[in-house]
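Quick notes on the structure that follows.
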Amino acid sequence: NTMKYIIFNWKSYLNLKESINLSKIISRFKKSKKFKIISAPNNFFHLALSKNFKKNTYATQNFDLDGRGASTGSLDVSHLIENKIKYTIIGHSEMRSNHGETDKIVSNKLEASINNKLIPIVCIGESLNIYKSKKTKNYLRSQINTIFKRSQKYDQIILAYEPLWSIGTGLTPELSEIDDICKFLTKILEKYTFKKINILYGGSVNLSNISEILKLQFVNGVLVGSASTKSSFINYFK
Ligand code: PGA
């Protein structure tokens, strides 16, 4: 099997010391062909972490589109480049719900990230209502169509399928449902041009379901929130 992407999304759970401690654990792992580990610490801690853990790979949890200059409170894409950050999460559900990020904005951020040679980790996913009314596939297709452009040739894109009702709830779709959705996404993404596309699952991934999820044929990795703040979970990947 190919290498799996393991994204740790530490959200705003951890302080600097805790982020350093987890980074230290990760930095001691032997280089692995099985897992590519990418940590997304709170954006405020990037400099301290990347300076101390040069071999770890980090992603930002977001960046903004307001541009350099008079944009108070913004994190510009140029700041990521300047600090050698290669990956960025875009369109996380909490950016969508707390900051009004829409698929249109996600599309613009996607464009800004690829123009700057960042590798985007694009998050999509359906609400519980959509899931219950069995409209998940239609919804995801429309998200993909809004976010990606047929005319564009993309380099590497990581796409995280995260059902909104699964994030932080302890609920997940059935394993067969996860694989079926990731298969569906693989199929509809064939209409677009990517050098490399990796489809991840996210939402209540933890020690008790990680092995089974990583075995799924169409799942190239996982995006993990709260479980990834625990050393016991992180050590699974050593
Ligand atoms: P969770 O979060 O693992 O805590 O459910 C996942 C995510 O928000 O990406």
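Just follow the structure's listing: the first ligand is 1, and inside any ligand the first atom is 1.
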Problem - Side-chain donor/acceptor of Glu18 to backbone N/O of Asn15, under 3.5 Å - result: yes
Problem - Where ligand 1 meets His92 - atom numbers and elements under 4.0 angstrom, heavy-atom basis - result: 7 (C), 8 (O), 9 (O)
Fill in the blank from the handout: The option among Gly202, Gly225, Ser93, Ser166 carrying the non-hydrogen atom nearest to atom 6 (C) of ligand 1 is Gly225
Exercise for the section: Indicate, with yes or no, if Tyr13 and Val205 share a hydrophobic cluster defined by side-chain heavy-atom contacts under 4.5 Å among Ile, Leu, Val, Met, Phe, Trp and Tyr. Expected result: yes
Handout entry: Close approach of Ser204 to ligand 1, heavy atoms, under 4.0 angstrom
Key = yes
Completion exercise
Heavy atoms of Gly91 and Val106 approach each other most closely as CA-CG2, 3.6 Å
Fill in the blank from the handout: For Gly203, the atoms of ligand 1 under 4.0 Å from one of its heavy atoms are 5 (O)
Handout entry: ligand 1 N/O within reach of Leu223 N/O, cut-off under 3.5 Å
Key = no
Problem - Path from Leu140 to Ile167 over hydrophobic side-chain contacts below 4.5 Å - result: no
Exercise for the section: Please assess Phe148 against Phe194 for the test ring pair (Phe, Tyr, Trp, His ring centres under 6.0 Å), listing each intermediate value before the final yes or no. Expected result: CA-CA 11 Å; Phe148 295 96; Phe194 302 98; 5.6 Å; yes
Handout entry: Ligand-residue contact atoms, ligand 1 with Ile167, heavy atoms, under 4.0 Å
Key = 2 (O), 5 (O), 7 (C), 8 (O)
Fill in the blank from the handout: The protein heavy atom nearest to atom 4 (O) of ligand 1 is Ser226 N, 2.9 Å
Problem - Close side-chain approach of Tyr201 to Pro173, heavy-atom, < 4.5 Å - result: yes
Practice task
Go through the steps to decide whether Phe184 and Tyr161 satisfy the test ring pair (Phe, Tyr, Trp, His ring centres under 6.0 Å), and finish with yes or no.
Solution key: CA-CA 11 Å; Phe184 168 77; Tyr161 166 56; 9.7 Å; no
Practice task
Starting from atom 9 (O) of ligand 1, locate the nearest protein heavy atom and write down its residue, its atom name and how far away it is, to 0.1 Å.
Solution key: Glu162 OE2, 2.6 Å
Handout entry: Nearest protein heavy atom with distance in Å, relative to atom 2 (O) of ligand 1
Key = Lys11 NZ, 3.2 Å
